[in-house]
Participant: 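Please read through the structure below; I'll follow up with questions.
Residues take their numbers from the sequence shown, with the count starting at 1. Basis for what follows: all heavy atoms, side chains included, without hydrogens, waters or symmetry-related copies.
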Amino acid sequence: MKEKRDREFDERRLYRRRRRIRNQIIAYITVGIFFVAIVVGAVIGVRKLMEIIAERRQAAEMERQLEEMQQPDSENAVVEPPEPIEEAAVEEVDWLEEIVESAIAAMPLEDKVAGLFVVKPESITGVGKVITAGDATQEALGKYAVGGLVYFAQNIVDKEQVKEMLSKTASMSRYPIFLAVDEEGGSVRRVGSSIEVAQVGDMADIGAGGDAMAAYNAGAEIASYLYELGFNLDFAPVADIVADASSSAIGKRSFGGDPAAVGGMVSAAVGGLQDTGVSSCLKHFPGIGAATEDTHEGMATLEKTADDLRASEFVPFKAGMDAGAHLVMVGHVSAPNLTGDNTPCSLSAEVITNLLRGELGYNGIVITDAMDMSAITEYYDSGEAAVMALKAGADMVLMPEDFEAAYESVLTAVRDGVITEEQINESLRRIYRVKYRDRIDQDGNVVDNISGQQAPVEGEGQEGVAVEGQEGTAGEGQEGEAGEGQEGTVAEG
């Protein structure tokens, strides 16, 4: 019995022990599962929390970016795309200046010096009276590339003869050439005295009428027939003031005695000439209307002071310059109150450089009056006078008594440094700006103003670019009283 009870006791104790162990195992498992659940939950929670935080951060970043986009001036503004790069501006080329410089650069010194002279065709051909352009003209222009030729009544027979002569002469010149004439109207008509053309009357009568348009129409009428014949330069209009035509050497060639009224007439006449294709030339600076002597016959004196001239004579000259006159002719009158001695104004730096260029600001072509007048020839030889005129500031010398002597003297003066080659070049620039001004198209090509065909830029050894005797609106007109050509045997020039 006792053994039975002990066995039952041992069995119960073993059972309790096993149950206790089982319960402990269950408890451990439960605790482990709980702990694992907690860990897993924590991990899941942390992960979820991180996702939430990331989402919030992303939302905040997006909101910030939206705000920055709406505020472009903020420090963190969105960078705008770069502005398109502008094409470099194309520098505008002054084709006239380019061609002028090219032409001068190609010229030998001998041609540069010859280009400063305007002479009668007889002076270079040796022919007594030139009425056509033939072998003598060809040879003469080949030797002396003069800047211009001036024609008188003896050279004019009829329209066809003049047109052919001028056309051939222009084609024979290596460079553009002035084909000039004194055609003022009234008593000074080199063409009108030989060919039937429209008569415009004396300038004094037009001035007395007080209508500037009449002066314009007179200039246009004269230019129309000169242009048709082949002339490109007219030595007109007269800009002198003449209060009493009966006591002045100029007489009725002037528009009158009132400076302002004469200025209006002169300005209009310049427009009429140049609008019709012929250059004009104001004459005779500084104004010789008050002189009673004639420079053709000897010394003529102008007693006026600089202030007198500023109040009177300079007024119409300035009006003509402002109207665009291509040339101004300087007279041979002596003006001791300006120069301090009896030096002709045409040879005076005080008159040309200081007054005409400096005070009045003229930068066109300055040409002398005809150098074969007694006011020059009685006191100076041809070479001396030509050198003095150029040193004083003139660009062109008109009709020296002895062209070859004048040419050689100027050439020697340049070679010896008495006159600088740069001064010669500057005079040629003024001359060629006029000769080429209406013969440049938008691409810088030289174009003949009548045919519209291109012509080559002239250079050393090239044949002339002047076609059919026309230069477009070449320089201003020239001295009307520059003596008549010498009579002689009619021969081919």
Side-chain angles (χ1 to χ4, degrees), residues 182-190 193 199-212 214-215 218 235-266 269 281-320 328-339 341-346 348 351 355 368-370 372-379 477-484:
D182 285 321
E183 195 76 6
E184 301 172 9
S187 61
V188 180
R189 296 180 295 114
R190 312 307 188 200
S193 62
Q199 303 298 320
V200 300
D202 291 311
M203 298 302 105
D205 295 335
I206 293 176
D211 182 6
F235 294 147
V238 170
D240 300 310
I241 296 290
V242 174
D244 182 1
S246 64
S247 63
S248 170
I250 294 296
K252 300 189 72 175
R253 297 164 60 198
S254 164
F255 286 106
D258 179 78
V262 172
M265 296 289 173
V266 168
C281 177
L282 307 175
K283 58 186 185 185
H284 316 76
F285 190 82
I288 65 174
T292 56
E293 303 96 340
D294 189 342
T295 53
H296 287 87
E297 300 172 359
M299 180 182 295
T301 303
L302 183 68
E303 299 294 346
K304 291 192 173 186
T305 66
D307 286 340
D308 293 334
L309 294 170
R310 291 185 185 104
S312 182
E313 276 76 0
F314 286 1
V315 174
F317 277 99
K318 189 66 169 66
V328 171
M329 178 180 288
V330 182
H332 298 318
V333 66
S334 297
N337 289 321
L338 298 180
T339 64
D341 56 28
N342 289 324
T343 301
C345 290
S346 57
S348 168
V351 173
L355 287 176
T368 70
D369 202 342
D372 61 357
M373 294 182 184
S374 295
I376 297 296
T377 59
E378 287 184 6
Y379 304 95
Q478 205 57 357
E479 171 60 275
E481 68 228 0
E484 293 287 351

Participant: Provide the closest heavy-atom pair for Thr368 versus Ser346 in the form atom of the first, atom of the second, distance.
Facilitator: CG2-O, 4.2 Å
Participant: Using every non-hydrogen atom in the two residues, find where Ile288 and Asp240 come nearest and quote the distance to one decimal.
Facilitator: N-OD1, 3.1 Å
Participant: Could you check whether the rings of Phe285 and Phe314 sit parallel, tilted or perpendicular, using 30° and 60° as the cut-offs?
Facilitator: parallel
Participant: Determine whether a donor-acceptor pair (N or O, by modelled atom type, separation under 3.5 Å) exists between the side chain of Ser248 and the backbone of Asp244.
Facilitator: no
Participant: Using every non-hydrogen atom in the two residues, find where Ala239 and Val266 come nearest and quote the distance to one decimal.
Facilitator: CA-CG2, 3.9 Å
Participant: Hey, is the main chain of Ala370 close enough, under 3.5 Å, to the side chain of His332 for a donor-acceptor pair?
Facilitator: yes
Participant: For the residue pair Glu313 and Ile241, what are the closest heavy atoms and their distance?
Facilitator: CA-CG1, 4.1 Å
Participant: Taking the side chain from Asp341 and the backbone from Thr343, do they hold a donor-acceptor pair closer than 3.5 Å?
Facilitator: yes
Participant: Can you name the nearest heavy-atom pair linking Met203 to Arg253, along with the distance?
Facilitator: CB-O, 3.4 Å
Participant: Looking at Val315 and Arg310, what are the two nearest heavy atoms and their distance?
Facilitator: CG2-O, 3.9 Å
Participant: May I have the step-by-step check of side-chain contact (heavy atoms from CB on, under 4.5 Å) for Leu355 and Leu309, ending in yes or no?
Facilitator: CA-CA 11 Å; Leu355 287 176; Leu309 294 170; 5.6 Å; no
Participant: How far does CD1 of Ile376 sit from CG of Asp369, to the nearest 0.5 angstrom?
Facilitator: 8.5 Å
Participant: How long is the straight-line distance from CZ of Arg189 back to CD of Gln199, given to the nearest 0.5 Å?
Facilitator: 4.0 Å
Participant: Less than 4.5 Å apart, any side-chain heavy atom of Lys304 and any of Asn337?
Facilitator: no
Participant: Any side-chain to backbone donor/acceptor pair from Ser312 onto Asp308? Under 3.5 Å, distance only.
Facilitator: no
Participant: Counting distance only, does the side-chain N/O of Ser348 pair as donor-acceptor with the main-chain N or O of Pro344 below 3.5 Å?
Facilitator: no
Participant: Whether the side chain of Glu183 engages the backbone of Arg190 through a donor-acceptor N/O pair (distance < 3.5 Å, no angle test) should be reported.
Facilitator: yes
